[in-house]
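Reviewing the structure listed below.
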Amino acid sequence: MASLFGKKNERRPGGALVLYTTKHGATQRYAERIGQPLDALVKEAAYARMDRAKTYDAIVLGCPVYMGRIKGLDFFADHAKELTDKRLVLFTCGLYDPAQEDVRKSLEDQLREKLGDALKHIAVFHLRGSIRWQSLGLAERLLMKALVADMKKKPETQRSETENLLIETEGGALDFSDEADIASIVHAARFGREAER
């Protein structure tokens with residue numbers, strides 16, 4: 001259908017595509033915030049088509065960290081080598097602080113294992129997300145209760161800040177997301193991998 005603005009779904013070449021996988025919504029919320037200043041198309045990675053993705057200049061992929069494992073890397077694992085002429089950006093979203101050496105090492109090891117040489121073409125950022133016990137399924141709540149019970153057995157001085165906060169907020173909500181964290185990701189999508197932090 002034609003209109004004053006051209007055919008339906010028609011768009012100019014270039015621009016940014018923001019893809020995400022989400023478990024409970026935190027990664028999606030970040031993806032939508034990142035997409036706004038980029039005027040990007042934001043969609044679930046499961047529905048991304050390579051033929052369309054190739055028409056964008058920048059592709060951002062958001063992946064949740066769930067129980068310590070990064071989920072949703074498949075799009076870049078399968079296609080990053082074909083997209084080396086694009087500005088590729090990946091962000092993870094998890095509860096634990098990526099400034100902690102063990103957390104960061106685990107994330108980096110997983111990325112190297114899954115993405116291999118393609119990783120050198122991707123700007124990578126690690127963000128902190130949120131947990132809302134109400135949004136968890138029964139099995140997830142039971143698992144979280146068991147994890148928190150294990151955390152309580154540790155001496156307080158041996159617990160991480162995140163573990164102490166999970167104990168304090170058990171059954172409620174904990175949110176580490178920070179709007180300021182998206183600025184570097186937007187910059188990398190606009191200007192390339194040299195913007196990586």
Side-chain angles (χ1 to χ4, degrees), residues 11-23 25-129 176-197:
R11 68 172 186 83
R12 292 173 304 197
L17 171 65
V18 179
L19 303 173
Y20 67 87
T21 299
T22 196
K23 184 77 176 167
T27 311
Q28 180 180 355
R29 286 190 292 276
Y30 270 124
E32 289 168 351
R33 291 178 198 156
I34 290 162
Q36 286 173 356
L38 294 171
D39 195 25
L41 173 64
V42 180
K43 68 187 300 183
E44 286 190 63
Y47 302 107
R49 290 183 29 195
M50 185 57 182
D51 59 333
R52 298 229 175 136
K54 281 183 173 180
T55 68
Y56 290 87
D57 293 331
I59 302 172
V60 178
L61 178 64
C63 301
V65 181
Y66 184 69
M67 299 298 171
R69 303 300 300 171
I70 303 173
K71 305 293 182 186
L73 286 168
D74 294 344
F75 185 82
F76 275 177
D78 294 343
H79 303 297
K81 288 178 183 173
E82 304 166 62
L83 298 168
T84 55
D85 61 328
K86 309 294 179 188
R87 295 185 301 276
L88 303 179
V89 183
L90 184 146
F91 72 90
T92 66
C93 177
L95 273 184
Y96 283 84
D97 189 352
Q100 288 179 220
E101 188 178 337
D102 58 333
V103 174
R104 193 167 198 89
K105 184 179 185 312
S106 172
L107 295 172
E108 289 172 354
D109 288 348
Q110 290 177 61
L111 291 175
R112 271 193 298 275
E113 179 185 330
K114 189 79 173 176
L115 300 175
D117 289 342
L119 192 55
K120 65 186 175 193
H121 301 289
I122 303 169
V124 177
F125 300 85
H126 302 294
L127 308 180
R128 295 187 77 182
F176 293 107
S177 56
D178 187 347
E179 190 82 24
D181 290 340
I182 71 168
S184 296
I185 297 171
V186 170
H187 187 74
R190 285 182 173 146
F191 302 108
R193 196 179 191 284
E194 66 275 8
E196 180 180 1
R197 60 176 163 138

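Closest non-hydrogen pair, T27 versus C63, comes out as CG2-N, 3.7 Å. Counting all heavy atoms, side chain and backbone alike, F191 lies closest to R87 at C-CD, 3.7 Å. Among all heavy-atom pairs drawn from E82 and D78, the shortest one is OE2-O, 3.6 Å. The shortest heavy-atom contact between I122 and A80 is CD1-CB, 4.3 Å. Closest non-hydrogen pair, I59 versus F76, comes out as O-CZ, 3.7 Å.
For the pair V65/Y96, no side-chain contact is recorded, criterion being any heavy-atom separation below 4.5 Å from C-beta on. At least one side-chain heavy atom of I185 sits less than 4.5 Å from a side-chain heavy atom of L127. Considering only heavy atoms from C-beta on, D181 stays 4.5 Å or farther from F125 through its side chain. Counting heavy atoms from C-beta outward, I70 and L107 have side chains that approach closer than 4.5 Å.
With hydrogens and angles ignored, the 3.5 Å screen pairs a side-chain donor or acceptor of Q110 with a backbone N or O of G68. For the pair Y30 (side chain) and R128 (backbone), a donor-acceptor distance under 3.5 Å is present. In this structure a side-chain-to-backbone donor-acceptor pair under 3.5 Å is present from K86 to Y56. Looking at S106, its side chain never comes within 3.5 Å of a backbone N or O of V103 through a donor-acceptor pair. Of the possible polar contacts, none joining the K81 side chain to the A118 backbone as a donor-acceptor pair under 3.5 Å is found.
Remark: the Q36 side chain and the E32 side chain contain no N/O donor-acceptor pair separated by less than 3.5 Å.
At a threshold of 4.0 Å, the pair D97-R104 does not count as salt-bridged, since none of the basic side-chain nitrogens sits closer than that to a carboxylate oxygen. Between K105 and D102 no salt bridge is recorded (no basic side-chain N to carboxylate O distance below 4.0 Å).
Figure legend: K23 and Y66 shown as a cation-pi pair, the cationic atom lying under 6.0 angstrom from the six-membered ring centre and within 45 degrees of its axis.
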